[in-house]
Amino acid sequence: SATRPPRLSMAEVRAALGDALRLDPGAALGHRVVDGSTAGLFDGVSYVARVGLRGDVEGELRVIANHSMATAVTHHVLGDTEWTPDTALLSDALREFAVRLATALCATLERSGYDVEATAPLPEGEATASAWTLAHGAVLSGDHGLASVEMLLTRPAPPPTGAAAAAPRR
């Protein structure tokens, strides 16, 4: 059985977030994943959804979308049901999208031996922790708009303990 590294490596974070983005949300919307910073890319109305990460990984997953992307995400989340686009509905759908993405991210990290879970969506707004590290960011862009997905950590992950420490690396 392989031993775990002393900390969650940035390569593992990037791989886990990339895998999560390629699952349900990114593939269903037909978007490419492009690594990078999104500072200044969002003009006009932006929607923000935040989901906390707890356990061996402490922090949050944040999704920021422009109006076009929030509308596309709402279509994806609600399917063929009829709905009228309004700010509350678009925000709710983006939160659902962020929860799905955070759940997929946690599952990928757990397969690597880390004990991590997603929290309920966090209130909109800036992160409340005093010290954040951007572990990884990605941009979804395409015909349906623009979104940024960021994994922010409040502290590096310690070595897994218990059953997670004995889990084989993949």
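As the structure is a prediction and not an experimental result, all values here were calculated from the model. Computation of the quantities below employed the complete heavy-atom set of this structure, encompassing side-chain atoms and omitting hydrogens, waters and symmetry-equivalent molecules.
Asn66 places a side-chain N or O within donor-acceptor distance of the main-chain N or O of Leu146, the cut-off being under 3.5 Å. Looking at Arg95, its side chain never comes within 3.5 Å of a backbone N or O of Val48 through a donor-acceptor pair.
Separation of atoms OG1 (Thr119) and CZ (Arg50) is listed at 9.0 Å; rounding is to 0.5 Å. Distance check: Met69 CE to Ser141 OG gives 7.5 Å after rounding to the nearest 0.5 Å. Note that the CD atom of Glu60 and the CE atom of Met151 stand 11.0 Å from one another [nearest 0.5 Å]. With rounding to the nearest 0.5 Å, the separation of CG in Asp115 from CD in Glu110 is 6.0 Å. Between the CG atom of Leu109 and the OH atom of Tyr114 there is a distance of 8.5 Å, given to the nearest 0.5 Å. With rounding to the nearest 0.5 Å, the separation of CG in Leu105 from CG in Leu53 is 6.0 Å.
Here the side chains of Leu78 and Leu89 are in contact, with some heavy-atom distance below 4.5 Å.
By the side-chain contact (heavy atoms from CB on, under 4.5 Å) test, Val77 is found to be paired with Val73, Ala93, Glu96, Arg100, residues two or more places apart in sequence or in another chain being considered. Listed by chain and number, the residues in a side-chain contact (heavy atoms from CB on, under 4.5 Å) with Leu90 are Tyr47, His67, Ala70, Thr71, Thr74, Trp83 (sequence neighbours excluded).
Note: the hydrophobic cluster containing Leu153 also contains Val116 (ILVMFWY, side chain heavy atoms under 4.5 Å, direct or indirect links). Hydrophobic clustering (side-chain heavy atoms under 4.5 Å, transitive across Ile, Leu, Val, Met, Phe, Trp, Tyr) groups Val149 together with Leu94.
The two residues Asp56 and Gly113 make their nearest non-hydrogen contact at OD2-O, 4.4 Å. Here the closest non-hydrogen pair linking Ala72 and His144 is CB-CB, 3.5 Å. Shown here for Ala98 and Leu61, the closest heavy-atom pair between the two residues is O-CD2, 4.0 Å.
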